[in-house]
Amino acid sequence: MSVHTFRARIRPEKIAEMEEAGEKMFAAIEAARPEGVRYAWTRLDDGETYVFVVEFENGDNTPLLAVPAFKEVMARLKSEWISEPLVVERLTPIGSYKLF
């Protein structure tokens, strides 16, 4: 199992656009039902910082990369929406109740 967080500060004028694209992306992921992956987006209280959490059972992001909407949103995140470098961190789950 591989668990990562991605923290991104989004340009204020791009927040609505990013959230709309995210809703469509999650609908596409739900329709594709990729195996071995769990994925979530959260927004922090400052309204501009987002934390994305992803778990891959096999440590491989191939299931999400097979969803075209995911690849499009990730490309736009990096090229259009973030206002500072993306922070990527690997998590080591110590204990969990139905989360990991």
Next item on the list: Show your working on side-chain contact (heavy atoms from CB on, under 4.5 Å) between Thr42 and Tyr50 and close with a plain yes or no.
Entry: CA-CA 6 Å; Thr42 62; Tyr50 290 73; over 6 Å; no
Contact check, side chains of [X] and [Y], non-hydrogen atoms, under 4.5 Å:
| X | Y | answer |
| --- | --- | --- |
| Arg38 | Val54 | no |
| Glu89 | Arg7 | yes |
| Met25 | Tyr39 | yes |
| Arg90 | Ser2 | yes |

Nearest heavy-atom neighbours spanning [X] and [Y]:
| X | Y | value |
| --- | --- | --- |
| Ile29 | Pro34 | O-CD, 3.2 Å |
| Leu99 | Glu55 | O-OE1, 4.0 Å |
| Trp81 | Ala21 | CH2-CB, 3.6 Å |
| Met1 | Val3 | SD-CG2, 3.8 Å |
| Lys14 | Glu80 | CG-O, 4.0 Å |

Check: Stepwise, does the side-chain contact (heavy atoms from CB on, under 4.5 Å) test hold for Thr49 with Arg43?
Finding: CA-CA 6 Å; Thr49 304; Arg43 181 180 54 230; over 6 Å; no
Notebook entry, point to check: In this structure, are over 12 heavy atoms from other groups packed under 6.0 Å from Glu35 atom CD?
Noted result: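 Counting neighbours around CD of Glu35, 12 or fewer heavy atoms of other residues, nucleotides or ligands fall under 6.0 Å, so no.
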Next item on the list: Verify side-chain contact (heavy atoms from CB on, under 4.5 Å) between Phe56 and Leu64, making sure each step is shown before the conclusion.
Entry: CA-CA 10 Å; Phe56 299 109; Leu64 281 179; 4.0 Å; yes
Check: Going by the angle between their ring planes, with limits at 30° and 60°, are Phe6 and His4 parallel, tilted or perpendicular?
Finding: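 Ring orientation, 0 to 90° scale: tilted.
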Next item on the list: Could you label the plane-to-plane angle of the Phe52 and Trp41 rings as parallel, tilted or perpendicular, counting under 30° as parallel and over 60° as perpendicular?
Entry: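 Rings of Phe52 and Trp41: tilted, 30 to 60°.
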How long is the straight-line distance from [atom2] of [Y] back to [atom1] of [X], given to the nearest 0.5 Å?
| X | Y | atom1 | atom2 | value |
| --- | --- | --- | --- | --- |
| Ser96 | Ile94 | OG | CD1 | 11.0 Å |
| Ile15 | Glu20 | CD1 | CD | 14.0 Å |
| Ile10 | Glu48 | CD1 | CD | 9.5 Å |

Checklist line | Donor-acceptor contact present, side-chain Asp60 to main-chain Thr62, <3.5 Å | finding: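 It does hold such a pair.
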Note to self: Using the side chain to side chain contact (heavy atoms under 4.5 Å, CB included) criterion, which residues pair with Glu72? Sequence neighbours excluded.
What the structure shows: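 Expected list: Arg76.
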Checklist line | Single hit among Ile82, Leu44, Val87, Asp46 for side-chain contact (heavy atoms from CB on, under 4.5 Å) with Arg9 | finding: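 By the side-chain contact (heavy atoms from CB on, under 4.5 Å) criterion, Arg9 pairs with just one of Ile82, Leu44, Val87, Asp46: Asp46.
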